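Each remark here refers to the structure printed beneath this line.
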Number of protein chains: 2
Amino acid sequence: MAATKTRPPRPAPAAFDSLEQEAYLQLWRTYDRLRELDERVFQRHGITAQQYNALRILKSVRPGALSTSAVGARLVSRAADMTRLLDKLEEQGLVARKRCEENRRVVYVSITAAGVAVVGRLAADVKRLGKHQLGHLDRRTLRTLIDILSKAREPHEDPAMAAAWPGSSHRKQSTKSEE
Amino acid sequence: MAATKTRPPRPAPAAFDSLEQEAYLQLWRTYDRLRELDERVFQRHGITAQQYNALRILKSVRPGALSTSAVGARLVSRAADMTRLLDKLEEQGLVARKRCEENRRVVYVSITAAGVAVVGRLAADVKRLGKHQLGHLDRRTLRTLIDILSKAREPHEDPAMAAAWPGSSHRKQSTKSEE
DNA sequence: GGAAGTTAGTCGTTCAAACGATTATTGTTC
DNA sequence: GAACAATAATCGTTTGAACGACTAACTTCC
């Protein structure tokens, strides 16, 4: 049985089956590395990245409100269970819920003053986080990355949601130009 | 309280604070969309993507073995708890564990014939998955994506692991050329 | 050669995600 | 207008991830 230490001359692990697979694994790996930094920051404020996202969305429509499912649809990552995510935010007093009168099935959610305060307190850290994560890439490279990523997920994006989610669609897209 | 339906003329949600943040959120979103397809495939075979990855790594060193931590270090996503991940694979008879004689602290893990069979059975699906996920991007774009992603995580990659993980390092890197 | 410190792996517990079933309300249809 | 289907949200339960504490085995250093 060969041990790890007994084979120093081969650092490269399993080869990839295809270029597509390599790209996906690179994507996964990169996301994982960046996410670690992400979580560390939000954790210091007693919140998760996903929760922050919900707050960010609600803050953007303030003082308006969104239905539970509307918040879920706009989240970066699909969240199966909005109820419990919002439960936690409500427990902390960061959001408020209110049943709709016309359609008593839907529940409107809005951000509270305390919620706005939390987002504000996080703002500086989030900005610094971004620089730390990807600040070493120049703007042109970042735009290329954004553009390719948008193209990559385009076929897998729900058409109804594609517009609601900021991607390549509503900006002059091009893989190679402008600054 | 404004409802969702009462503001149709603005599909764009919260603006991004910075280009770096936008890139990260795009990365997150794209990963999430692609991962959904991923999980669906592996689920049909009663396995998780992370488990498949472990099997893939072990298959690549067959008939050799790796220590528990060595497997963990090569995984795409950092896994806090190798023990339980391997427990599940062992329960299914896909891997075998064996204590090292010289150093009785380490446990060697190797893939079994059944494990190889499972990976083999998955091969076709995985290949099709890759095409489905990113097959609509041409090779040049895929290479650019891989290259930028490698650069993106480079500063956040543990130097010791950077070589062990396939990235831009061991291939002629360039943002703009060759095919 | 025995105490202190390191390393590899395991286990306990807590927390969030995943999946499905369930309730409450509304819309449809005969 | 009563039965049926559709929709919004919630809840139950199972599973995996996260974090830390813990044990066993080796190393080091007086």
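This is a predicted model, so every value here is computed, not measured. Order of the sequence lines sets the chain letters (A, B, ...), proteins ahead of strands, with each chain counted from 1. Side chains are part of it too, since the values below use all heavy atoms of this structure and drop only hydrogens, waters and symmetry mates.
Between Q26(A) atom CD and L19(A) atom CG the span is 10.5 Å, to the nearest 0.5 Å. Going from atom CG of L137(A) over to atom CD of E20(B) covers 8.5 Å, rounded to the nearest 0.5 Å. In this structure, CD1 on I57(A) lies 11.0 Å from OH on Y52(A), to the nearest 0.5 angstrom.
Residues A152(A) and T30(B) share a closest heavy-atom pair of CB-CG2, 4.2 Å.
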Legend entry - Contact letters for nucleotides 5-10 of chain C, in which S counts primed atoms plus P, OP1 and OP2 and B counts the base, heavy atoms under 4.0 Å: -BBSSB
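The distance from atom CZ of R78(A) to atom C1' of dA16(C) is 14 Å, rounded to the nearest whole Å. Across the protein-nucleic acid pair, I47(A) atom CD1 and dA16(C) atom P stand 12 Å apart, rounded to whole Å. Distance, D32(B) CG to dA17(C) C1': 12 Å, rounded to whole Å. Summarising the geometry, the separation between NZ on K88(B) and P on dT14(D) is reported as 15 Å, rounded to the nearest angstrom. When the P atom of dT14(D) is taken as reference, atom CZ of R84(A) falls 13 Å away, rounded to whole Å. As a whole-Å value, the separation of F42(A) CZ from dA18(D) P is 16 Å. At whole-Å resolution of the value, CZ in R104(A) and C1' in dT26(C) are 12 Å apart. Here dA17(C) presents its P atom at 12 Å from CG of N53(A), a figure rounded to the nearest Å.
Neither OP1 nor OP2 of dA17(C) sits under 4.0 Å from any side-chain N or O of Q50(A). Using a 4.0 Å cut-off, some side-chain N or O of Q43(B) falls inside it from OP1 or OP2 of dC19(C).
A residue-by-residue look at R35(B) and E101(A) shows that R35(B) has its nearest nucleotide of DNA chain C further toward the 5' end.
One finds no salt bridge joining R143(A) and D147(A) here, because no Lys/Arg side-chain nitrogen approaches an Asp/Glu carboxylate oxygen to under 4.0 Å. In this structure, D38(A) does not pair ionically with R35(A), as no charged nitrogen and carboxylate oxygen lie closer than 4.0 Å.
E102(A) comes within contact range of the sugar-phosphate backbone alone, with a heavy-atom separation under 4.0 Å but no base atom that close.
Relative ring orientation between H132(B) and H156(A) is described as perpendicular, the plane-to-plane angle rising above 60° on a 0-90° scale split at 30° and 60°.
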